[in-house]
K.L.:
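To start, I am sharing the structure in question, which I have written as structure tokens.
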Amino acid sequence: MASETDLLNENIGEYVNDDYKIVTCKWLSLTHSININEAKRALYAFVKHQRKMGGNDDINVTYFVAGLGRSKDGDLMHKCAVVPESELDVVKKSLSTLTSCHIFSVQKAKLKDYTPLYMTDYEITKNNLEKCNSFSSIKCPWVSLKSANPPSRTSQQNVVKPENKENAPSKKTESSNELVGSGAKVSGKKAEPKGSIASMFASASKKDDGGNKAAKPTQKTEAAPKDKVPEKKGGVMAFFEKKKDSPSNKKDTDVKKTDATTKKPESKTVQEKKQEPKRKKKQTVDSDDEAPDKKRRKRIRTDLFDSSDGEDAEASGNEDQDEDLINWQPVVYDCLLTTTTWLYPHIASAAKQAKPSCRDGPQVNNKARGRRGTLLLRLVSTCTRIDFTVTVVGHLVTAGHLIYVEEAEDNPAAPSKEEEERDEIKADNEEKEKEKEVSIASSNNSASSGKKRKRTKKVVTKHYQDEEGFMVTKKETVWESETDDEGEATTSKQEPAKTRGTKEAVGKASTKNTATKAEPKGKAAPKKNSSPQKSKQTSLMSFFKKK
Amino acid sequence: MSEASVGVDILSEFVEVCIHCVLYCRGLYPQGVFEKRVKYNVPVQMCLHPDVCAYITNVVNSIKMLLTEGQVDKISVVILEEQSTTPLERFVIELGTLEPNWTQKDPHLFQTEQALRGFLLKLNVSDALLHPASKDVTWTVHVHTRDSTLSAVDEQFMQKDFPWMEAEEKQQQMKNSKLVPLKSYDSDWLHMQLYAEETDKKS
């Protein structure tokens with residue numbers, strides 16, 4: 001005995017490790033002509049042995065679990081499932097009473113779903129039709145195969161019957177006997193999960209009704225196929241009563257035929273339909289192997305056998321985009337430093353206050369205002385080189401080139417103002433220390449006190465909205481002026497026209513970003529591609545306008 | 001329907017199922033876009049995305065035309081690395097000549113169906129034999145055929161607005177590739193083998 005088990009163990013080892021086969025308990029039972037329960041034990045022993053040996057445990061095991069559980073509506077129902085090892089505990093916990101748990105298959109491949117398992121069993125069953133139930137533990141002593149009828153004749157009879165509405169008793173008896181015979185086969189073929197359907201035929205073959213009681217409650221609680229099943233039962237019983245008409249007969253024969261050939265898909269799909277809402281799983285899908293996006297994973301799990309469509313992909317795609325949108329914010333936020341949000345209220349008030357002073361002319365009477373005005377300027381001066389944009393995205397403001405720096409040649413209209421601003425800038429250079437938070441400003445700017453007309457090529461990250469309203473972050477090479485043209489700061493608010501003009505004159509991509517980002521999210525970005533290529537800083541006032 | 005065209009139809013259906021299977025097994029598209037359907041009495045996964053389906057249908061129709069006209073040596077689904085489009089792995093269906101009078105030997109196609117089922121099963125479990133699937137990949141289909149065959153159907157391709165062009169050298173050559181035979185079938189009318197090639201190191 002021991003040697004037999006060893007031999008079996010060796011064989012299983014060969015199948016799994018060398019041939020990369022899928023060894024299901026049924027396959028093993030039919031291949032080696034052993035009882036199904038022996039096959040299950042052999043598989044268990046093999047797995048234990050393999051794992052004890054250590055080394056790389058790269059075999060995957062699926063389990064068959066059955067037990068009592070609750071349906072969605074709270075009804076008690078008998079659930080069966082084939083699950084991968086990773087989900088075994090979860091499924092076990094979901095069942096209130098465990099009636100059966102054994103190894104279903106052992107293989108090297110990590111299965112994505114039960115398709116290969118089904119294929120394996122299908123092949124072996126098909127090749128061993130006559131003896132497939134001889135190794136089963138579900139037997140009925142009163143059942144015997146009818147003397148061999150040629151298949152064509154049988155099928156013809158079955159075909160004729162639905163057409164022929166007359167219920168010829170002899171024909172019916174024959175067919176009922178066939179049903180009985182096939183019923184025995186079917187019940188033999190089908191393991192516990194199909195017990196409900198198999199038991200129908202088993203009951204038809206005058207099996208002890210007690211055996212069906214377990215199956216019956218499950219049938220009653222099951223939804224869609226329930227209608228079919230009792231009808232089948234009624235149909236079969238009717239043969240003996242010689243009362244039932246052809247449609248049910250046809251159904252029975254159809255069922256018989258389909259059961260004989262496609263036992264699993266039918267019962268599985270049928271069961272899936274009712275089980276899916278009731279979480280009765282017949283899946284070995286490890287959808288956890290999917291992309292790490294948790295949201296996506298959740299959807300796939302529930303819909304996998306419901307022919308889930310691309311909606312999930314789209315939805316998850318949108319979620320991805322949302323994530324992208326969210327993801328850039330902290331990065332930009334870091335770059336900006338908190339001052340931008342801090343600045344925002346100040347800038348707003350400063351801008352408002354600076355307005356009258358600029359309108360009044362070059363003199364800045366109100367020191368406080370001026371200070372705030374210069375605050376703006378300071379900010380600008382320190383931010384000349386920085387290329388990020390002001391965006392109102394609900395709660396986050398990203399400051400780009402805050403201030404338009406008007407170069408003298410570009411805007412001869414207000415040279416005086418510029419000079420004035422420049423003076424102020426110079427004056428406030430010392431105060432730039434305060435603006436330490438705005439350290440994002442490049443060092444050369446903070447040190448600079450005058451205009452440096454240098455254009456350098458720089459790779460900057462731009463954020464803008466594309467036509468669909470999604471925030472896009474791009475790295476662009478732009479020419480940037482290193483000028484400390486902060487003069488625009490104070491003027492930017494009160495001279496929207498001028499600013500706009502300068503905006504158009506300035507070629508920086510950030511300009512357009514400022515404009516677009518100031519718009520609420522979701523709007524298309526019309527000014528995206530407008531600016532010609534000149535290195536100018538955008539005015540801070542630009543994003544106020546957009547509000 | 002002539003015998004030959006039935007054989008061609010069967011083969012092209014099989015190629016279509018294979019392509020979908022490869023897409024599913026190698027994770028080229030998320031599992032959610034696949035739907036279970038029945039083929040050869042077993043469940044198979046088919047992609048639902050309309051563009052993908054249309055593309056595959058066009059490919060299969062072209063293959064059908066090629067098969068009718070002449071000789072197709074190999075049909076391979078090549079998985080390329082996204083950025084550089086270098087092939088990472090390849091699933092190749094190698095076809096022998098199609099015998100003309102196969103219906104006599106396999107009138108009900110039982111053996112054929114069984115053979116094709118075997119191919120599908122092996123394809124489904126192929127991930128045990130291969131490296132794990134890579135991410136960020138794209139795919140294409142290469143068909144190895146004769147010049148004469150191609151020229152015969154080129155016009156039809158243009159008419160159907162699905163022209164084929166010669167594959168780039170870069171896409172054809174795989175560096176340090178390993179060949180993993182998956183399944184082969186030799187019968188009176190069908191000679192086919194399925195194997196996979198993959199590069200040693202995958203990013």
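Throughout, a chain's letter reflects where its sequence line sits, starting with A, and its residues are numbered from 1.
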K.L.:
Would you indicate whether B:Lys74, at its atom NZ, is surrounded by more than 12 heavy atoms from other residues, nucleotides or ligands within a distance under 6.0 Å?
P.N.:
yes
K.L.:
Side chains of B:Gln114 and A:Asn127: is there a donor and an acceptor less than 3.5 Å apart?
P.N.:
yes
K.L.:
Determine whether more than 12 heavy atoms belonging to other residues, nucleotides or ligands lie under 6.0 Å from atom CG of A:Asp19.
P.N.:
yes
K.L.:
Report the distance from atom CG of B:Leu123 to atom CE of A:Met119, rounding to the nearest 0.5 Å.
P.N.:
9.0 Å
K.L.:
What's the spacing between B:Asn41 CG and A:Tyr118 OH if we round to 0.5 Å?
P.N.:
6.5 Å
K.L.:
Is any side-chain heavy atom of B:Asp127 less than 4.5 Å from a side-chain heavy atom of A:Lys110?
P.N.:
yes
K.L.:
Can you tell me which portion of B:Cys25 sits under 4.5 Å from chain A's heavy atoms? Options are side chain, backbone, both or neither.
P.N.:
backbone
K.L.:
Donor-acceptor check, side chain of A:Lys112 to backbone of B:Tyr24, threshold 3.5 angstrom: yes or no?
P.N.:
yes
K.L.:
Before accepting this row, confirm whether a basic side-chain N of the pair A:Asp113/B:Lys36 lies closer than 4.0 Å to the acidic partner's carboxylate O.
P.N.:
yes
K.L.:
Below 4.5 Å, heavy atoms only, C-beta onward: do A:Tyr20 and B:Ser126 meet side chain to side chain?
P.N.:
no
K.L.:
May I ask you to check whether over 12 heavy atoms, not counting those of B:Lys160, lie within 6.0 Å of atom NZ?
P.N.:
no
K.L.:
As an exercise: rank B:Arg37, B:His49, B:Arg117 by heavy-atom pairs under 4.5 Å with chain A and give me the winner.
P.N.:
B:Arg117
K.L.:
Atom NZ of B:Lys122 and atom CD1 of A:Ile22: how far apart are they, to the nearest 0.5 Å?
P.N.:
9.5 Å
K.L.:
side-chain contact (heavy atoms from CB on, under 4.5 Å), that's the test. Do B:Val44 and A:Thr115 meet it? Break it down for me.
P.N.:
CA-CA 7 Å; B:Val44 293; A:Thr115 312; 5.5 Å; no
K.L.:
Say you draw a straight line from CG of B:Leu121 to CD of A:Glu123; how long is it, rounded to the nearest 0.5 Å?
P.N.:
7.5 Å
